[in-house]
Amino acid sequence: MCHPDPCHPEPVEGRHGVPCHPERSDRRERSRRTGSMADVIDDRRPSLPELRHTAAHVLAYAVQDLFPEAKPTIGPAIENGFYYDFDRESPFTPEDLERLERRMAEIVKADYPMTGRVVTRQEAIDAFAGNPYKVELARDIPDAEPITLYTIGEFTDLCRGGHADSTGAIRAFKLMSVAGAYWRGDEHNPMLQRIYGTAWHDRAELDAHLARLEEAQARDHRKLGAELDLFSIEEQAGGGLVFWHPKGAVIRGIIENFIREGLRERGYQPVVTPHVVSERLYEISGHLENFGENMFGPIEVEGQTFRLKPMNCPGHILIYESKLRSYRDLPIRYSEFGTVYRFERSGVLHGLTRVRGFTQDDAHLFCMPEQLQHEFEQTVEEARRLMDAFGFTDMQYVLSRRAEKDRTETDEIAEDAIRKALESNNLPYDVDEGGGAFYGPKLDINVHDAIGRSWQLGTVQVDFVLPARFGLKYRGSDSQDHRPVMIHRALAGSLERFFGILIEHYGGAFPAWLAPIQVVVTAISQDQNAYAREVTARLEGAGFRVTLDESNEKLGYKIRHWKTQKVPYILVTGKQEVVDGTVNVNQRGVDEKRNISVESFVEELRKTIEAKQ
RNA sequence: GCCGACGUAGCUCAACGGUAGAGCAAUCGCUUCGUAAGCGAUAGGUUAUCGGUUCAAAUCCGAUCGUCGGCUCCA
C-alpha cells in the first residue's frame, strides 16, 4: 500500500464525537410553551448523548466552584462519555478529580433544571468577557445559527443545546482521567487540561461499562504478548520495533502461509524488494514530498543518499517497468510481505497496533480500467476468506469517495468498479463521501472483534497517480502505448497490527490450528514419563506442536500452569492410561474429561486443524 | 513532539531521608502425587540513566531515556 492510512488505521470505535441534536433539546422549554399531551410522552429519559452533554456541564459547574481560575472551553459528549477542556495553569490531579466528583454528585442531587435562552452575539461575547476561548467560539458561530446560553444553578455556558431537562437525570457517572489536549486539536495552540468522564442512565449500565473496560484490559495484546511469550518491544532496540518470539512467530508463519496460498491461487506473483533504496526513487514517486515527515531520515553512503522503505509500491513499479508490457500480460499482480519503516512520533506508538517497522501483506496490480471490477471482486472475496478463517465473521465495507470537486472521469470508472464488485456479491457497504485518498477512491474492510470493537484491517485503493508519475505504460492491441491503472491492496494490513487484533479477539486463547503449543503431554507421576514421551513422539510424528511436561510437580500445578498458558489440549497419562494405551484429554473450554486412544486423538486433532478451528 | 502519571529482583508490588523486602517465577533438594498453586532451601537489585541537594537519597531537585493515559470530537 502506498499511503499512510491503510496500514495504521485507528479502531473505528473510540473517540468519535456524538453530535448534539438541537431539535431534540430543551424539551422542558417546549413543554412549557405548548403544554400539549405529546410532551408528556416526550418527557422520556434523555438520550445518552444528551445525558453526557449535561454531565459535561455539571463537570464545568463543579470546576467553576472548586477551581474558579480555570477557564472552561469546550465539553462535548463522546462515545461512552464526555470530556471538558479547561485552560488552567496546573493540571488536575487525581485528588482534584475526587473532589470534583463529590461536587458533581451534589449538583446532580440538587436537580437543577437546564434552562436555555437565545442571545445576540454581543451579549454572548460580553457574558464571557474573561474567557478568550468562549469569545472565539461566540465570534465563530455562523450568522444563520442562533446563539444560546444554557444555565444550571449558578453556571451558565455557551452551548448549542442538546441536554437532559435537569441535572438529576445523570444517575451514574464517573470521572475517568485527565489529559493534555490542544485548543481545537492544533498543536500550535495552547494546551488545555482535559477531564474525561463517563455517564449512564443507571448504575447497572455504568458497572457494565466498567466491566467492558476491564474485559478489554484483560485482552490487551501488550499484556498477553508478555504473558504468553509471543512478542516484545525492547527498550534497548527502540520504540515501535517488534521482536517476534518463537511462539508469536509460529502464528505469523501460519498467517503468512494462509495468505500466500490465496495469492498463489489468484495468480499473484511473489516479488521481493530491498529495504533500503536510493532517495531518488521516492522523489519520483512523490513520497518524499507527500509522506516525507513519516519517513526515516536520509542515510548517506559514498555520496549517495538512501532511505528506508516506507512503502512497497515504488519497488513493485520498478519491476513492472523493467520491460515492455503488452495488454496480453495484464493484469500483472505482484505480492510481497513487504517490511516497511515509518517514522511515528514517540507519543503515538502503541503495542503492535502503532509501530515504526511492520510488514504488510502487500500487493500491487497493474491493469486496464475495464479489468478493475474483476480484480476488486477477487480481492473482496480473498478478504472474506481471510477474515473468515481468523474468526472475524462480522465484516463491514466502506467505499470512500473523493470529494465532489476533485472527482475525475477516472474516479467514476473506479467507483463504478468497486460498487459493481460489492453489489454483484451482495455485500452491503457504507459510503464515506469525501473520505477517498487524494489520488482516487478506496474500499476499506472493517471487522468486529469478539467483544464488539470495530477495527479497520484491509484496504483496496485505486491509483491513477503513481502510474502517471512513473510514466508506466503497456502496448495495447492498437499498437499504441496506454497507461495502466494500479490497485494497491493489503488485506490483513500489517502483520503486526493483525496479530495484535487477533490476540485481543481470541483473548490469547488461540484455536488449535493457530495455537503455538497445540498439545501438552504430562504424566501423573514420574513412573509414567516413558509412556508420556512415547505419546509425545507420536503426536510430533503427526505434525502437531507438542510440549512434554516432565516437571516434578503435582498434576494440579501443571494443569494450572498450562491453563494459564491457554493451551487447547492437555493430555494426562496415568497408570490407567499406560495400561489401556489411551490418553486422558483435558480440552480447553470443555469440562468433561475423556479417555481415548492416541490414534483417535490424532485423528480428532487433525480434523480440527484442517477445519481451521 | 506536547500535557500528565509512572520506571524498585524475570513478573506483581512493598519500603516514601537512616542497613532495599514479600509473593509468584527460576535453581537445588524432599515428595510420586488423578485435573487451576505440595514442602524446604538457594540464588537473584549500582532502586531506568546521568547530575545535584544532604552527614546520609530508591525516597528531595534537575536533565535524559522508556512505558502508560491523552492530544481531528468543536459552543
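Note: hydrogens, waters and symmetry copies are ignored here, and every other heavy atom, side chains too, is used. Chain naming here is simple, since letters A, B, ... match the order of the sequence lines and numbering starts at 1 in each.
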Please determine whether any donor N or O and acceptor N or O are separated by less than 3.5 Å between the side chain of A/D527 and the base of B/U32.
no
Rounded to the nearest angstrom, tell me the gap between atom CD in A/Q565 and atom C1' in B/A25.
12 Å
Quick note, A/V348 side chain, CB onward, closest among B/C71, B/G34, B/G4 is B/C71
Main-chain N/O of A/D444 paired to A/T459 side chain as donor or acceptor, under 3.5 Å
no
Any strand counts, and the cut-off is 3.5 Å on both contacts for Watson-Crick or G-U wobble. Which nucleotide pairs with B/U47?
none
Measure from the side chain of A/R560, starting at C-beta and using heavy atoms only, and say which of B/A36, B/U35, B/G70 lies closest.
B/A36
Measure from the side-chain heavy atoms of A/K593 and tell me the nearest of B/U35, B/A36, B/C73.
B/U35
Which is true for A/N584 with a 4.0 Å heavy-atom rule: it touches a base, it touches only sugar-phosphate, or it touches nothing?
base
Carboxylate-amine/guanidinium proximity below 4.0 Å for A/D186 and A/R184
no
Using a cut-off of 4.0 Å on non-hydrogen atoms, how would the nucleic acid contact of A/G239 be classed: base, sugar-phosphate, or nothing?
sugar-phosphate
Base of B/G34 paired with side chain of A/E577 (donor-acceptor, under 3.5 Å):
yes
So if I take every side-chain heavy atom of A/I559 and compare against B/C73, B/U35, B/U32, which nucleotide ends up nearest?
B/U35
Do A/Q193 and A/D85 come within less than 4.5 Å of each other through their side chains, counting heavy atoms only?
no
Quick check: any donor-acceptor pair below 3.5 Å linking the side-chain of A/Y182 to the base of B/G70?
no
Closest to the A/K554 side chain: B/G69, B/C33, B/U32?
B/C33
Quick check: are there more than 12 heavy atoms from other residues, nucleotides or ligands sitting under 6.0 Å from CZ of A/R594?
yes
Output yes when at least one side-chain N/O atom of A/H561 is less than 4.0 Å from OP1 or OP2 of B/C24, else no.
no
Pairwise C1' distance for B/G21 and B/A9, with rounding to whole Å:
10 Å
Whole-Å P distance, B/G45 and B/U54:
32 Å
Using a 4.0 Å heavy-atom cut-off across all strands, classify A/E145 as base, sugar-phosphate, or nothing.
base
